[in-house]
Every structure is written in C-alpha cells, then in structure tokens.
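Quick notes on the structure that follows.
Labels below follow one simple rule: chain letters A, B, ... track the order of the sequence lines, proteins then strands, and each chain is numbered from 1. The figures that follow rest on heavy atoms only: side chains count, while hydrogens, waters and symmetry mates do not. Treat the numbers as computed from the prediction; the structure is a model and nothing was measured.
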2 protein chains.
Amino acid sequence: MTKTSSERSSSEIGFDEALDRLRVAGGRITRARRSLLEDLYRAAGRVTVDELAERHPDVDSATLYRVLSHFESVGLIDHVHLGHGPAGYRWVGHRSVAVVCEDCGRVVDVPADELRPLADRLRRHYGMRLSIGHFALTARCEACAPDHSHER
Amino acid sequence: MTKTSSERSSSEIGFDEALDRLRVAGGRITRARRSLLEDLYRAAGRVTVDELAERHPDVDSATLYRVLSHFESVGLIDHVHLGHGPAGYRWVGHRSVAVVCEDCGRVVDVPADELRPLADRLRRHYGMRLSIGHFALTARCEACAPDHSHER
DNA sequence: TTCTTTGCAAAATGTTTGCAGATAC
DNA sequence: GTATCTGCAAACATTTTGCAAAGAA
C-alpha cells in the first residue's frame, strides 16, 4: 500500500486522504471503489482499463468506467490518451507528460515543467489552459528516427 | 480547387502532384479517391470522417477509411486523434497543432512554431523528435474554465 | 430504511474486415 | 481481361446508458 518516497511527489494525495475525499464528495465507499482505489494508488504508473478489468474480474466494466469517472471528478486520478493506444489512468500528482514513440511505442516521461512555457503562451495568447498530463506527445525516438528527420 | 497563398505553405504538395503520387504508388484513381482527394485538398483544416461521409454520401464509410488510409500511406494526408472523438484528417504540410477543449471539444489550431522550443528541448535532452501535428493537446477553453482554474 | 451503486444487457461510437460484384487501366 | 476498388453487412473495440436488484450508511 505504501510506496517509497522517491516514487511519490510531495503534492500527492495519500490513500487515506483520498478516502476522505470520496466521503466528503458524498459518495459511498463500496468494495469496488475501495479495491480500485487501492490498485490505482499502488500502481507504478499509468494503467489501462483492461489491465484494471483483468485484476478486478469481480468488477463489471461498466462499473469500472463509472468508478474511474467518479474518481476523476473528485480529483483523485486523471487519464491520458496515448496517441492511438488505450487511455491510461493514474493517481494525480505525477507531474509528467508522456512522450510516445510512434514507431516502437516506447514511452518517455518528461517533467511537466518542460511544458510550462508552452502552457503559459497557450493561456495568454490562445485562451487555452493546457491540461498537462491529459494528453501524450507523439515523437520518434533515436532508435526509430536515426536523424535528419523532417518532423512535421 | 485553388487556395489563397496565405493558406498554403510552400512545402505543401499540390493537387496534381498528389495525383501523380497516387499513380506512382500503383493505385487506381477511382471516383471516390478523386473526389475525396479534392475535398481534402480544398478543406480549410482538419476534417473528420463523418464530415467527409456527409459531403460524399455516395462513398461508403468503409471505403472512406480505406481511402484515407491509402492517402496517408502515400504521404498525402495525416491524421490526429483528438482526445475522445473521431480522428481529424488533413492535407500534409499544415504546420499547426490542435488544442482541444476537453469539455466542449472546441479545437484551436496553434502554429507549430509555438512548439519549437519544446521540440528542441525534447530532442536534445530526451532524444525524442516531436511529431508535430500527429497529436493533439488537451486543454480547457475560457468558456469552460472561466478562470482561477487549478489545472492539473 | 433509503438512496446510491452495481451488474447485466443493450446501445452508441468509431473503425476494421470479408466477400461478391463493380470498375479502372 | 484482370487485378484493384467499392458497397454492404457484419465484426470489433471501447465507452455509455437503462433498469432492476444489491448494498452502503
């Protein structure tokens, strides 16, 4: 249930705090919610819905989506769309952005701060508040694009 | 069929050149392909499959996907997955990035140059060459996130 | 008890595929 | 003429929804 401090950022919400949030939100702590919450809290990084479904065969997938949506609305998790592949859910507080190699699928996590200047410009000049961590960037890694690439 | 020069970048492929490419690729220039090619060439920005389907009621959607896939493999168009909804297709050479409001779905196009500094850093520090235009950024627009928002 | 949440089944997307017939070259 | 496309229908994958029954509080 606990993780080493190196894996958890200080701004992160703890497990018990998360339970409190759920209670405050007025929701009920059901078996499905508790076990999914634990799983998401424990999970190393991003998990997909089908991974969760596999680890919680007792939970219907409709419930799964509803619970994830609930957790997200309460601000406990967020989800990322990894280009093509499935969406990945993870505990909030990981301040990083996924960069996916569109050829080999390798994912490099980049600190969210790298996007800060861009986020500022987008807000000021385009009125769009970047949701860092809710999207993935697509790229080509060195192995897949040796060099000279004319990236678009 | 022609667009004002301000809308087309110099690096862009012309319509006739595109037809040549299709011929060189060995494919046949069918009615569906020709009219879709024209549409995509003419289109102001990104078009979704259902927009194309609406404008080409004679073309079956299965054909639509196949034709789009063909055009893409020949390097005439590319597509972007806009978070949830359907993918957006457009003529290659448009150097912009889509920023999608995750609440209302509105898409704001931002010049690719805005991403240049980030792209440079990603290449130098992470060995990833950003594929600008092959992904969408997720954000909240002013209407959906009035202000003071704690973006995650 | 009472109101929320779940499971199940069915629907809504968005995209792909198999196949026989149409068509470009 | 013949190999390639197309339309149609059906399959797929993913997510959403309606509703009665199960379960928190």
Side-chain angles (χ1 to χ4, degrees), chain A residues 18-39 46-74 76-89 134 136, chain B residues 18-39 46-74 76-89 98 100 102-103 105 107 136 138:
Chain A
L19 279 177
D20 282 345
R21 275 216 199 184
L22 287 180
R23 286 192 199 97
V24 168
R28 293 175 181 179
I29 315 290
T30 63
R31 190 151 9 89
R33 288 185 175 179
R34 172 168 252 117
S35 66
L36 285 171
L37 193 69
E38 280 185 18
D39 192 336
R46 280 174 255 271
V47 289
T48 60
V49 167
D50 31 302
E51 284 165 352
L52 288 172
E54 207 169 294
R55 299 206 286 257
H56 303 265
D58 48 314
V59 179
D60 188 80
S61 72
T63 302
L64 231 163
Y65 283 106
R66 283 186 281 225
V67 168
L68 288 172
S69 160
H70 178 61
F71 287 175
E72 192 157 16
S73 73
V74 175
L76 297 178
I77 61 172
D78 56 26
H79 73 279
V80 191
H81 294 283
L82 299 174
H84 289 239
Y89 293 82
H134 287 189
Chain B
L19 278 177
D20 283 345
R21 276 218 201 181
L22 286 180
R23 285 192 199 95
V24 169
R28 293 177 181 177
I29 315 290
T30 64
R31 189 149 16 87
R33 288 184 175 178
R34 172 167 253 118
S35 66
L36 285 171
L37 193 69
E38 279 185 18
D39 192 336
R46 271 174 262 274
V47 289
T48 60
V49 167
D50 30 304
E51 284 165 352
L52 289 172
E54 207 167 294
R55 300 206 286 257
H56 304 264
D58 48 313
V59 179
D60 188 80
S61 71
T63 302
L64 235 164
Y65 281 106
R66 283 185 281 224
V67 168
L68 289 173
S69 160
H70 179 61
F71 287 176
E72 191 157 17
S73 73
V74 176
L76 297 177
I77 62 172
D78 56 24
H79 76 278
V80 162
H81 290 283
L82 302 174
H84 290 245
Y89 295 82
V100 190
E102 60 193 359
D103 288 343
V107 178
T138 306

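- Spacing between atom CG of B/L37 and atom P of C/dA24 amounts to 16 Å, rounded to whole angstrom units.
- B/H56 NE2 to B/R31 CZ: the interatomic distance, rounded to the nearest 0.5 Å, is 12.5 Å.
- Partners of A/R55 by side chain to side chain donor-acceptor pair (under 3.5 Å), not counting sequence neighbours, listed by chain and number: A/D39.
- DNA chain C is contacted by B/A62, B/Y65, B/R66 of residues 55-70 of chain B, taking any non-hydrogen atom closer than 4.0 Å.
- When the P atom of C/dT6 is taken as reference, atom CZ of A/R34 falls 13 Å away, rounded to whole Å.
- Side chain of B/S61 to main chain of B/L64: no donor-acceptor pair is present (N/O by atom type, distance under 3.5 Å, no hydrogens or angles).
- For B/V80, the side chain to side chain contact (heavy atoms under 4.5 Å, CB included) partners two or more places apart in sequence, or in a different chain, are B/R46, B/L82, B/A136.
- Between the CG atom of A/D50 and the P atom of D/dC12 there is a distance of 17 Å, rounded to whole Å.
- Atom CZ in A/R33 sits about 11 Å away from atom P in C/dG7, given to the nearest Å.
- When each of A/V59, A/I77, A/L37, A/L36 is checked for a side-chain contact (heavy atoms from CB on, under 4.5 Å) with A/V67, only A/L36 meets the rule.
- Contact of the A/Y65 side chain with the A/V49 side chain is registered, since non-hydrogen atoms from C-beta on lie closer than 4.5 Å.
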> Using a cut-off of 4.0 Å between protein heavy atoms and nucleotide atoms, how would you tag nucleotides 20-25 of chain D 5' to 3' with B, S and -?
Replying inline: ---BBS
Let me have the donor-acceptor pairs involving side chains of residues 19-28 of chain B, under 3.5 Å, with sequence neighbours excluded, atom names and distances please.
unit_1, atom_1, unit_2, atom_2, d
B/D20, OD1, B/R23, NH1, 3.1
B/R21, NH1, B/V74, O, 3.1

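- Residues satisfying the side chain to side chain contact (heavy atoms under 4.5 Å, CB included) test with A/T48, not counting sequence neighbours, are A/D50, A/E51, A/P86.
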